[in-house]
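Step one of this worksheet: look at the structure below.
Chain letters run A, B, ... following the sequence lines, proteins first, then strands; residues in each count from 1. As a basis for the values below, the full set of heavy atoms in this structure was taken, side chains included, without hydrogen atoms, waters or symmetry mates.
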Amino acid sequence: MSIQIPCPHCGPRPIEEFAFGEILAVPDQITDPDERDIDRAFMHNNPEGPQREAWFHTYGCRRWVTLTRDTRTDQII
Amino acid sequence: MPALKRIAATRIVAQPQVLDSADVPQSSLALRFAADELFVTPPLQDETIITAHDPHAILIREGGFAGIWLPAEEAALFLARNCEWEIPNGRPAFAQGAVASIPTKLWLEDEQVLFIVPAPYAHDFAERMQD
């Protein structure tokens, strides 16, 4: 049984129905627009623990689902 | 091989509360693809039932889906083999998700089930129904 993602409209669905979309967060202390672009494009976080993520329900309602996933266990919190 | 037929419909994107209270003709089949999206077949004749309440609503004629009705027993067998998620128990019911690895909308009635897939997948879906 694959990981189930709770889609608010369609209900729980297997993770294979979704496309991953990272929630990109650029630290506020980076103020220069070019540096913010570089940070957004290349300096992705790789956290160990809970992470906010967006998943696109490609096979269902075709809407974004925002959730928190623990990267250590793959549990949706 | 079962043949899926193109479905003529109106696809509506509007405020959820407007779709909640939309006075869709009884003879039409209205499927709620998302909170802010409604699929009505046959196409709406009177679009003002939506536009009067939401002037920013988007209504387009949709011909990009194909569908097939299957008897409930046959549908249940097919879904048991090809669907990983739980089908709703109540009838009538709408559900959507991957069926045979193809994005599928289901309209479940007591005696029959309507399978709707994006038209480009219609041939693949028909083939997988035979497997």
**Item:** Which portion of A:P8 sits near chain B, non-hydrogen atoms under 4.5 angstrom
**Value:** neither

Counting neighbours of [atom1] on [X] that are heavy atoms of other residues, nucleotides or ligands and sit closer than 6.0 Å, is the number greater than 12?
| X | atom1 | answer |
| --- | --- | --- |
| B:Q130 | CD | yes |
| B:F78 | CZ | yes |
| B:H56 | NE2 | no |
| A:F42 | CZ | no |

Check for me, please, whether [X] and [Y] land in the same ILVMFWY cluster - side-chain distances under 4.5 Å, paths through other members count.
| X | Y | result |
| --- | --- | --- |
| B:M129 | B:V113 | yes |
| B:L59 | B:V24 | yes |
| B:L29 | B:F65 | yes |
| B:I7 | B:L31 | yes |
| B:F33 | B:L114 | yes |

**Prompt:** What residues of residues 60-77 of chain A sit under 4.5 Å from chain B when you count only heavy atoms?
**Reply:** A:G60, A:C61, A:R63

**Message:** Less than 4.5 Å apart, side chain to side chain, heavy atoms only: is that true for A:H9 and B:R32?
**Reply:** yes

**Asked** Within a strict 4.5 Å, meaning less than it, do heavy atoms of the B:W85 and A:P14 side chains meet?
**Response** yes

**Item:** Which of B:P118, B:A35, B:A34 touches chain A most, by non-hydrogen pairs under 4.5 Å
**Value:** B:A34

**Asked** Does anything in residues 94-112 of chain B get under 4.5 Å of chain A by heavy atoms, and if so which residues?
**Response** B:A95, B:Q96, B:G97, B:A98, B:S101, B:I102, B:P103, B:T104, B:K105

